[in-house]
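Below: one structure, written as structure tokens.
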Amino acid sequence: AAGVIQSPRHLIKEKRETATLKCYPIPRHDTVYWYQQGPGQDPQFLISFYEKMQSDKGSIPDRFSAQQFSDYHSELNMSSLELGDSALYFCASSLEVGASDPQYFGPGTRLTVL
Amino acid sequence: GENVEQHPSTLSVQEGDSAVIKCTYSDSASNYFPWYKQELGKRPQLIIDIRSNVGEKKDQRIAVTLNKTAKHFSLHITETQPEDSAVYFCAASRPYSSASKIIFGSGTRLSIRP
């Protein structure tokens, strides 16, 4: 079965640079979530989208923005990168917000900021 | 705010024995409780979930129990095997509202001794 796809899988950036992470949800899934996971930490919710509209917002810095496109894929844009932004970034998708549907995670993008 | 506490943080059991991980949640409106297994550097994988209208759910060697009154839920793994070694996260979510995000516990590192 098709899973969530994330690209790139690895990304190395310098401080103050920008980065764009992409997420392609499972086919027919209309909800996308972004999580940030630091070393030894639990995943922290950043932001979610349902039917191309932002549905919830967590601990996402103002330097980050995200959107969901008409084909339901999502992009997380990160500007003015800081060393502390180094982490695993996961995207998850589900079928319908508000319906207790499971969230399935992508393989993640490992971002390293030097 | 919403919080999920998870215990223990590390757990070592002999192969073939049972493992139990316990979680408590603070938001009484939570009604969906997934459990994720995460191997080092890989994505969280959904292994079982339970909804608030159910007290117990079992899938082969894995079972989850929920006590809504006490706001406790637990993961039970029986006949543990080496491949069960991983970090396990409990989580809580309250769909049917704008807050559809998953709140994760801090994780339990489970080690299976041969």
Side-chain angles (χ1 to χ4, degrees), chain A residues 1 3-6 9-10 23 25-26 29-51 53-60 66 68 86-112, chain B residues 1-10 21 23 25 27 29-54 57 59 64 66 68 73 86-109:
Chain A
V4 177
I5 297 172
Q6 289 187 247
R9 295 292 310 278
H10 301 273
C23 169
I26 292 171
H29 280 195
D30 51 16
T31 306
V32 169
Y33 309 80
W34 285 97
Y35 293 87
Q36 178 191 57
Q37 186 176 31
Q41 304 294 313
D42 56 289
Q44 294 292 312
F45 172 74
L46 294 177
I47 195 166
S48 62
F49 293 88
Y50 167 64
E51 284 291 344
M53 298 287 289
Q54 181 182 309
S55 69
D56 201 2
K57 199 170 182 179
S59 52
I60 184 169
Q68 186 179 31
S86 295
L88 264 173
Y89 289 83
F90 288 105
C91 169
S93 75
S94 67
L95 181 57
E96 180 181 357
V97 72
S100 298
D101 284 305
Q103 294 183 23
Y104 296 96
F105 282 70
T109 294
R110 182 173 295 281
L111 173 66
T112 302
Chain B
E2 304 146 333
N3 186 47
V4 176
E5 293 194 359
Q6 182 171 348
H7 302 280
S9 57
T10 59
I21 301 171
C23 291
Y25 60 98
D27 186 355
S30 296
N31 62 356
Y32 174 63
F33 307 90
W35 286 85
Y36 287 87
K37 173 184 179 182
Q38 187 177 30
E39 298 177 11
L40 187 62
K42 297 192 175 180
R43 78 186 79 189
Q45 284 191 303
L46 179 69
I47 56 172
I48 196 168
D49 56 11
I50 191 167
R51 303 176 197 281
S52 58
N53 58 345
V54 176
K57 183 177 178 181
D59 182 6
V64 58
L66 172 64
K68 279 215 73 175
F73 58 116
V87 177
Y88 291 80
F89 292 99
C90 63
S93 176
R94 55 164 187 171
Y96 301 109
S97 74
S98 62
S100 58
K101 59 183 178 287
I102 286 178
I103 303 297
F104 285 87
S106 54
T108 296
R109 182 173 300 279

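Heavy atoms only: backbone and side chains are in, while hydrogens, waters and symmetry mates are out. We name chains A, B, ... by the order of the sequence lines, and we start the count at 1 in each one.
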Task: Region of Q37(A) in contact with chain B, defined by heavy-atom distances below 4.5 Å - done: side chain

[atom1]/[X] to [atom2]/[Y] distance, rounded to the nearest 0.5 angstrom?
X: F90(A); Y: Q38(B); atom1: CZ; atom2: CD; answer: 5.0 Å
X: I103(B); Y: F45(A); atom1: CD1; atom2: CZ; answer: 8.0 Å
X: I102(B); Y: D56(A); atom1: CD1; atom2: CG; answer: 12.0 Å

Open item on the list: Any heavy-atom pair between the side chains of Y36(B) and Q103(A) that's under 4.5 Å?
Closed with: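 Result yes, sub-4.5 Å side-chain heavy-atom pair found.
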
TODO: Please determine, among G108(A), G106(A), G58(A), G40(A), the option with the most heavy-atom pairs under 4.5 Å with chain B.
DONE: G106(A)

Open item on the list: Which atoms of P44(B) are under 4.5 Å from chain A, going by heavy atoms: the side chain, the backbone, both sets, or neither?
Closed with: both

Open item on the list: Under 4.5 Å from any heavy atom of chain A, what part of F104(B) do you find: side chain, backbone, both or neither?
Closed with: both

Closest approach of [X] to [Y] (non-hydrogen atoms, all atoms of both residues):
X: R110(A); Y: G41(B); value: NH2-CA, 4.0 Å
X: P102(A); Y: L46(B); value: CB-CD2, 3.4 Å
X: R43(B); Y: V4(A); value: NH1-O, 4.3 Å

